[in-house]
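Predicted model, so just to flag it, every value in this text is computed and none were measured. Proteins get letters first, then strands, A, B, ... in listed order; numbering begins at 1 in each.
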Amino acid sequence: MAQADRTKSTVKMLFWLLVSGGLVFYMVHTYRSGQMIHWYYYTASVDGYAVNARAFIDATPERPARLAIVPAAVIDGLQAVPVQAGGRLPRGANGVIAMRELEAGRRVALDSAANTISVMVPSEIKEQKGFKYKDTYKHKGIRTNPWAGLWNVAIVLGLGLSLGLLAEGITDFCGLKIEKLDHVIGH
Amino acid sequence: MFEFAIAGVTCPVFLLVLVGLTVGMVGGFIGVGGGYMVTPALIVFGFPGYMASGIDMTHIAGKGLVSTVRHRQLGNIDWTLALTMIAGTMLGVELGVRLLVYFKDLGISGVVLLMTSVVLMFSLFLYTQIETRRAHKRIAELEREGKGALREVQTSNLPRLFQHIPLAPIIRCRTARVIISMWVIVLVGMVTGILAGFLGVGGGFIRVPALVYVVGASTHVAVGTDLVEIVVSGAYGALRHSIEGNVDMMAVLFMVLGALLGAQVGSIATAYVRGPAIRYILSYSLILATLGAALRLIYVMTGQQIEWLSLAAVVLTLGEMIFLCLFISSLVWFAVRRRRGKWVPEWVVSLVM
């Protein structure tokens, strides 16, 4: 009987270790490869230019960053790809500089002759819940894949369940007796 | 350091694992999601406010499930109670959000929100403290009389009042050992849901006392059952935030991995303590959160001029997490010592099994 319990707990532990390990590997792999990010930064919600905001985080009015306007499928550094509202964002994009921002000309300016966009103020300080944080073009003008929301929930619930059952398997394997509690209430 | 490409933040992984671990431990022990602790911590680590809320809510769904699995094994979940309450909770959350929008339109949401938090949490703290002290004394009396006190002792008369409401259908919650009108449970879910939706929190710190003092469940069952509610509301919140683009799944992963250990310790620790010990920790958690909210309220009411108030609120919240973890660990340590027949302080005897 004891041997059968031991075998059962070993199988349980190994099974859930494989499942949770697989989920963790899948999450890390898709994140590292950029697949998750590509799914996340899915389509543009405004007309404008898709950019990788990280590339020009140090730009200032004195030393503006110049982004070359190129119709590319992948953004590489200081590049801006024209997109229309609802259009698929290129790989590597994490924000959109809206046309109205270019027309306002306060933080960015369009140089049609040189086919470039000059970014002068990529970030600003904002108050949010009493904390200061940088607000850049990142996350602006984008729409996420609605299925990504369901995917996130499914993954996090799958991960929670597999890790919970893995922990249960480990305690069973180690022979730690976890018994049901009695819930009689005294007064 | 890890570069979180979606959140656009570079942050040490161990900090996220540590937050997951501590909040997992506290949440597994008192049955709360811990949103009021995690969001300020993430903002301190550099995550934008909207991302902090999204990551927090998504991690709560995963962490809640880790704790739920263990509480199921401990027999702390009353599924009848949990499933009956979910309907009321969902309706309540929706009403709470609408109430918030109403106050927002009036332009007074921030102050009303913080004032409601402070008054509600302080009242809950007071009632829980007074009742738990009475229960603590009663256990000590029973111990002295050699009657071997039970795991749970409650001195509140409120549950008897609510259990006698003769409104059909009357349902039997076997694990909680409660026979009560279904409408009372639905109403508890709805009222706590309204408060949760209005205050923008998971609502565990309201629901656990409500399950104990209104429904009459034991504290252990209240904790386990509430975690089921937290998984459901966390999953719904995660879906909403993910669609809005407020979630970095890699940050969620690190926090859930931290919670794996923390939630186990917190959940298993409930087996070492009596109900009043959990209620004590819950009430301390409430008063510390109240202080944090009061500091933020003063900060808002003074026109956000006194910067140190905001910082003090964060420091208090982070300090609270560490304090509660140490408190829980010390209770388990004393329980183990007592089981081995070693000396433990007198005040601990009636709190541990």
Looking at [X], I want to see if its [atom1] is surrounded by more than 12 non-hydrogen atoms of other residues, nucleotides or ligands under 6.0 Å.
{"X": "A/Asp76", "atom1": "CG", "result": "no"}
{"X": "B/Tyr272", "atom1": "OH", "result": "no"}
{"X": "A/Gln84", "atom1": "CD", "result": "no"}
{"X": "A/Arg91", "atom1": "CZ", "result": "yes"}
{"X": "B/Tyr236", "atom1": "OH", "result": "no"}
{"X": "A/Arg32", "atom1": "CZ", "result": "no"}

Can you tell me which of B/Leu257, B/Val247, B/Thr270 forms the most heavy-atom pairs within a distance under 4.5 Å of chain A? B/Val247
Picking from B/Asn76, B/Val252, B/Thr68, which has the most non-hydrogen pairs under 4.5 angstrom with chain A? B/Asn76
Heavy-atom distance under 4.5 Å to chain B: side chain of A/Asn52, backbone, both or neither? neither
So for A/Tyr41, is it side chain, backbone, both, or neither that comes closer than 4.5 Å to the heavy atoms of chain B? side chain
Under 4.5 Å from any heavy atom of chain A - which part of [X]:
{"X": "B/Thr175", "value": "both"}
{"X": "B/Gln73", "value": "both"}
{"X": "B/Asn246", "value": "backbone"}
{"X": "B/Leu261", "value": "neither"}
{"X": "B/Phe254", "value": "neither"}

Atom pair CE (B/Met249) and CD1 (A/Ile37), whose distance is rounded to the nearest 0.5 Å: 13.0 Å
Could you give the distance from CD1 (B/Ile6) to OG1 (A/Thr144), rounded to the nearest 0.5 Å? 10.0 Å
Please list, chain by chain and in numerical order, all residues satisfying side chain to side chain donor-acceptor pair (under 3.5 Å) with A/Glu168, sequence neighbours excluded. A/Lys12, B/Arg72
Throw together a table of side-chain donor-acceptor distances under 3.5 angstrom for residues 147-166 of chain A, partners on residues two or more places apart or in other chains.
residue  : atom : partner  : partner atom : Å
A/Asn152 : ND2  : B/Ser242 : OG           : 3.1
A/Ser162 : OG   : A/Gly158 : O            : 2.9
A/Ser162 : OG   : A/Leu159 : O            : 3.1

Of all heavy-atom pairs between B/Glu3 and A/Tyr31, which one has the smallest distance, and what is that distance? O-CE2, 4.2 Å
Give the intermediate values and the outcome of side chain to side chain donor-acceptor pair (under 3.5 Å) for residues B/Asp248 and A/Tyr40. CA-CA 9 Å; B/Asp248 191 310; A/Tyr40 189 85; over 6 Å; no
Trace of the side-chain contact (heavy atoms from CB on, under 4.5 Å) decision for B/Arg70 with A/Thr171: CA-CA 10 Å; B/Arg70 185 60 79 186; A/Thr171 43; 3.2 Å; yes
